[in-house]
Amino acid sequence: MGLGGCIILIAVGAILTFATDWHMQGVNLDLVGIILMIVGLIGVTTFSSIARRRRVMVPPTTTTVVEEDRHHHTRDGYTDGYGM
């Protein structure tokens, strides 16, 4: 569950706790809303701690470039023996 899902849980829990007047037999909607808000807060803190751990800056490593000396022969017609 991502950060958006956690925020949705908090919003739904707040709506169930503070903005509804429904009374269902056997279900306490205020308690369900509080539980959803707590689960959403736990999710937000877990997600933010994981995201902070991923943002650790690693110093860049220097790469060693090895260039090979290659002799490139050009064929211009004079130095390769064909023009003489």
Spacing of CG belonging to Asp30 relative to CH2 belonging to Trp22, to within rounding of 0.5 Å:
12.5 Å
Could you check if a side-chain atom of Thr46 sits within less than 4.5 angstrom of a side-chain atom of Ile50, using non-hydrogen atoms only?
yes
What about Ile15 and Leu29, same hydrophobic cluster or not, with Ile/Leu/Val/Met/Phe/Trp/Tyr joined at side-chain heavy-atom distances under 4.5 Å?
no
Could you give the distance from NE2 (His23) to CG (Asn28), rounded to the nearest 0.5 Å?
10.0 Å
Got a second to check how far Ile38's CD1 is from Ile10's CD1, nearest 0.5 Å?
11.0 Å
Side-chain heavy-atom pair Thr45, Leu41 within 4.5 angstrom cut-off
no
Apply side chain to side chain contact (heavy atoms under 4.5 Å, CB included) to residues Ile8 and Val12 and explain how you reach the verdict.
CA-CA 6 Å; Ile8 289 173; Val12 169; 4.2 Å; yes
Side chain to side chain contact (heavy atoms under 4.5 Å, CB included) with Val39: of Val44, Ile34, Leu9, only one passes, and it is Leu9
Residues Leu16 and Leu36: closest non-hydrogen pair is CD1-CD1, 4.0 Å
Quick check: does any side chain N or O of Thr17 sit under 3.5 Å from a backbone N or O of Ala14, one acting as donor and the other as acceptor?
no
